[in-house]
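So that the names make sense, note that chain A is the first sequence line, chain B the second, and so on, each numbered from 1. What's counted below: heavy atoms across the whole structure, side chains too, no hydrogens, waters or symmetry copies.
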Amino acid sequence: MPRTLITSAIPYINGIKHLGNLIGSQLPADLYARYARARGHEVMFICATDEHGTPAELAAAKAGKPVADYCAEMWQVQKDLADGFRLSFDHFGRSSSPQNHRLTQHFAGRLAEAGLIDERSSRQVYSNADGRFLPDRYIEGTCPNCGFEDARGDQCDNCTKQLDPTDLINPRSTISGSTDLEVRETKHLYLKQSQLKDKLDAWIDSQDGWPVLTTSIAKKWLHDGDGLQDRGITRDLDWGIPVKKGDADWPGMEGKVFYVWFDAPIEYIAGTAEWAEAQGKAEADWRRWWRTDEGAEDVRYVQFMGKDNVPFHTLSFPATLLGSGEPWKTVDYLKSFNYLNYDGGQFSTSRGRGVFMDQALEILPADYWRWWLLSHVPESSDTEFTWTAFQTDVNKDLADVLGNFVSRVTKFCRAKFGEVVPEGGNWGAQEEALIKTLTGRLDTYQLHMDAIEIRKAAGELRAIWVAGNEYLQEAAPWSTFKTDPARAAGQIRLALNLIRLYAVLSAPFIPDAARAMLSALGTEDDAWPEDVRVALAVLPAGHGFTVPDVLFAKITDDQREDWAERFAGTRA
RNA sequence: GGCGGUAUAGCUCAGUUGGUUAGAGCAGAGGAAUCAUAAUCCUUGUGUCCGGGGUUCGAGUCCCUGUACCGCCA
C-alpha cells in the first residue's frame, strides 16, 4: 500500500484566515489527501497552528489575555473552521506543543554539534516600559533623513530610506508609546545556512518535476547576490520555545526563545507525534513517517503552501533537516500556489477586505466554496475572485450540471418506476459509448489528480458530469418509456448507478454532497472504480433509494449583490 | 532602487521541449428536447496572442527593448 505524507503550511494563530489563505494550502492539501485515501493510500495529513512570535503576543495583549490562553482559544476557533470546511486532517496540532518543544530543541542541539550554529552579538533596542526588546517594526520615531515623524525602525515610509532603529530621533515603542528606550547588547544564535548552500543546491537539483514557481524561488534565494544568508534563529521574547541544546541548557541563551520560522516547520513532525499521542500510539508509529531509518523510506512526502512560504520550505527547513545529520524525511513534491485576489484587489486581513472563513460558512455550505476555489485554484498565476463569476460558475456546475442530473434521474424514476432501481432492459450502443467516454475521462481525471494538476482535474470531473447529461439527452428515457418501458428501465438503472459513481469521484472536491448522494441511493459503497462497466452495475435492480433534497440551491442575484456589498469594505 | 511574475476571445483562464486553420468554461446568438433546481443537449468565435525589433524554413512559445498591472526584498 502506497504511503503518502501530506502537510499544509500552518496558519498563523492570530485571527481568522480568509479564502485566499484557505485555497493557498489547506484546501488543495485536503483534496489530495482525500483522493489519496480513496485510491487506497495510507495517508498521514498534518496541519497545525503557528503560535509563536511577537504578533501573537500583541494580539493576546490586545484581547487582554495571557498569550497561552489566547492561543488555545484561537486554536479552537481555527480547528472548528477547518472542520466546517471538511478539512480532513489526521491531526491539527499546535506549534506550542510539548512535542514541538522537544523536537525543536533536539534539532538545535544537533545543528550545534554539527558546527552549524554561531553565536553573534548585536545591539538592539530595549523598552523598559514594555520590559522587552523591540523588533524593528515596533519602533517608530523621526526620520534623521527627512524629518518624517512616523518613520519605522527599519525604513522611513516617507523618504523610503533604510534605517537602523538606533538612527531614529525620539524613538518610541509602538506597543506602549513609551520613549524610555535604550540600546542593549544581546546575543543570538545564527543558523549557518551559507555552509549548506551547495548541499541544498544539489538537493533541489535532484528533485524531479517540481513546479517552476517552486524551483525558481528557491534558486533565486540560493544564488541571488551573496547567496544564501545565515539566519538568526533566536529572539528575546517570552512566548516561544526556550533555547536549549537538546535537553541541556544553553549557556548565555537564558530567557531567549527560538524564532518562529525555526520551530514552525518542525511542527509538521511534532504534529505527527501529537497525533500518535492523541491516538494512544507508540513513538515508532509516528517515526515511521519521518525517519527513513525507521520505516519512512517508502513514504512519499508532499507539501502544500503559498508562494510566500516557498523559501522556508525549500531552504530553511531542509537546512535544519539535512544539517542535523540524521535521516529525516525531506519533501518529495512541493506544490506551491499563487495568490487569489478579491474583486480587483487583494484580500486584506488588516482591512477586512474579502471573505473570511467564518463568514463564508455563514452564507453557504462548504461544498460551494470548495468547488469554486479548487476549480479556480491559482496554480499558474494569480486568480481573481468575483461574485458574478462565483455565482454563475457554482450555479452552472453544481446546481445545473451535477445537482440537476441527480434530480432529473431520481424524480423520473420515482414517477415511472417508484423509488427502486428498475429491472429490465439491456445495454446497447449508447451505453457502450458512454462507458468508453467515461473510461477515458476517468483515466485523465486520475492522471491530473496524481500530478496534483487541480484545475485540470476539476475540468475533467465536470466533463464526467456533463457526459451523464449527454447520455440522458440521447437515451431519452422519457421518450423510450412510452414505447419500450423495459429499455427505459435499463437506461434509468444505469443513470442511478451513474449518480453513485459521481458521488465517489466527486467526494474529494465536494464531500458533503457526495455523502448526500450515497445516502439517497441507500448505499455505503464508495469504492473507487477500477472498471467503469463494473462500477455502473453496483446498484442492482430492486435496490431501494430515496429522492434527495435539492443538492445545491442556486445563488440568487439578490444574495450576490448583498454579499458583494457586505464584504467589500471593513469587517464588522 | 533591486528582483520576480503576469499581459491570449466580452469575462475567468489553458496553451508541454518553437511546427500545420490559437483552445476550454462562462456570457452572447440560433436550434432540439421537455425527465429535471425554467435545469439539459447540439451548433456557433473575422481574437493586431500588450507595443516594437531580432533569431529561425517557421514564434503566443526563444532573445533584446518599450509599456501596463501585480507582488517580493532591502
Regarding [X], tell me which of base, sugar-phosphate or nothing describes its non-hydrogen contacts under 4.0 Å with the strands shown.
| X | answer |
| --- | --- |
| A:V466 | sugar-phosphate |
| A:A389 | nothing |
| A:I492 | nothing |
| A:F552 | base |

Are any of the side-chain nitrogens in A:K335 or A:E379 under 4.0 Å away from the carboxylate oxygens of its partner? yes

How long is the straight-line distance from SG of A:C413 back to CD1 of A:I492, given to the nearest 0.5 Å? 6.0 Å

Grab the [atom1]-[atom2] distance between [X] and [N] for me, whole Å please.
| X | N | atom1 | atom2 | result |
| --- | --- | --- | --- | --- |
| A:D397 | B:A24 | CG | P | 16 Å |
| A:L402 | B:G25 | CG | P | 18 Å |
| A:N469 | B:C35 | CG | P | 15 Å |
| A:I23 | B:U12 | CD1 | C1' | 15 Å |
| A:H448 | B:A24 | NE2 | C1' | 12 Å |
| A:M305 | B:C72 | CE | P | 18 Å |
| A:R455 | B:G25 | CZ | C1' | 10 Å |
| A:D400 | B:U40 | CG | P | 4 Å |

Picking from B:A39, B:A32, B:U37, the nucleotide nearest the side-chain atoms of A:Q473 would be B:A32

Just compare B:C35, B:A36, B:G25 and give me whichever is closest to any side-chain atom of A:S407. B:A36

Taking the [atom1] atom in each of [N] and [M], what is the distance between them to the nearest angstrom?
| N | M | atom1 | value |
| --- | --- | --- | --- |
| B:C26 | B:U16 | C1' | 26 Å |
| B:C49 | B:C62 | P | 15 Å |
| B:A9 | B:G54 | C1' | 28 Å |
| B:U37 | B:U43 | P | 26 Å |
| B:C63 | B:U55 | C1' | 7 Å |
| B:G18 | B:A59 | P | 13 Å |

Determine the interplanar angle of the A:W387 and A:F390 rings, folded into 0 to 90°, and report it as parallel if under 30°, tilted if 30 to 60°, perpendicular if over 60°. perpendicular

Looking at [X], does any N or O in its side chain come under 4.0 Å of the phosphate oxygens OP1/OP2 on [N]?
| X | N | result |
| --- | --- | --- |
| A:K554 | B:A39 | yes |
| A:R408 | B:A38 | no |
| A:K456 | B:C13 | no |

No-H, no-angle donor-acceptor pair, A:N404 side chain to B:A36 base, under 3.5 Å: yes

Donor-acceptor pair present, A:E384 side chain and B:U12 base, under 3.5 Å: no

Could you check whether A:R231 and A:Q193, counting side-chain N and O atoms only, form a donor-acceptor pair closer than 3.5 Å? no

Ignoring hydrogens and angles, tell me if any N or O in the side chain of A:Y32 forms a donor-acceptor pair with the backbone of A:V302 under 3.5 Å. no

Centroid separation under 6.0 Å, is that true for the rings of A:F481 and A:F417? yes

May A:F412 be described as stacking on the base of B:C35, applying a 5.5 Å centroid limit and a 30° limit on plane angle? no

Map A:V409 and A:K396 onto RNA chain B by nearest heavy atom, then report which one ends up closer to the 5' terminus. A:V409

